[in-house]
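Working notes for the structure below.
Bear in mind that the values here come from a model prediction, so they are computed numbers and not experimental data.
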Amino acid sequence: MPVACSSSALTGQDGSLYYTPAATRFCLLDNTDFPAGTVITVPIQHDFRVGDPVIFTEEDGGHIDANLTPGTQYYVVAFTSNTISVSASKGGAAINLAG
């Protein structure tokens, strides 16, 4: 389950991942929130919209999916109440995650 975080990084065996939509920062679990397919699990209060830029970072030993690159800007191409799909280009095809 994703956890909304403060600016303090979580510690632990799985590490922490952060992304920032409109000055908001959330933690994602590197071992469960990036399943195989095109959706990334995010907190329900995410407030993403299609076209929003997303940049993933790795902290405390966390790792994002192998098909995403930390520090690279992606764009939201689809969302639900607790998931997003991202593309390398605005309006592009959703990236297929390795899981």
**Study point:** Co-membership, hydrophobic cluster, residues Val39 and Ile95, 4.5 Å side-chain
**Key:** no
Review point. Side chains of Val76 and Val54: closer than 4.5 Å at any heavy-atom pair?
Key: yes
**Study point:** ILVMFWY network linking Val77 to Leu97, side-chain heavy atoms under 4.5 angstrom
**Key:** no
Check your understanding: About how many Å separate CD1 of Ile84 and CG of Asp33, when rounded to the nearest 0.5 Å?
Key -> 10.5 Å
Check your understanding: Does any non-hydrogen side-chain atom of His63 lie less than 4.5 Å from one of Asp65?
Key -> no
Exercise for review: Would you kindly confirm whether Val42 and Leu68 end up in one hydrophobic cluster when ILVMFWY residues are joined by side chain heavy atoms under 4.5 Å apart?
Suggested key: yes
Practice item. Of all the heavy-atom pairs spanning Ala98 and Ala36, show the shortest one and how long it is. Key: O-CB, 3.8 Å
Exercise for review: Kindly compute the distance separating CG (Asn67) from CG (Asn96), expressed to the nearest 0.5 Å.
Suggested key: 7.0 Å
**Study point:** Transitive ILVMFWY side-chain link Tyr75 to Val50, under 4.5 Å
**Key:** no
Review point. Are Ile64 and Val86 connected, step by step, through hydrophobic side chains (Ile, Leu, Val, Met, Phe, Trp, Tyr) whose heavy atoms are closer than 4.5 Å?
Key: yes
Review point. Can you tell me if Ser87 uses its side chain to pair, donor with acceptor, with the backbone of Lys90 under 3.5 Å?
Key: no
Check your understanding: Between Phe56 and Phe34, what is the ring plane arrangement, given parallel below 30°, perpendicular above 60°, and tilted in between?
Key -> perpendicular
Check your understanding: Between atom CZ of Phe79 and atom OG of Ser85, what is the distance when rounded to the nearest 0.5 Å?
Key -> 11.0 Å
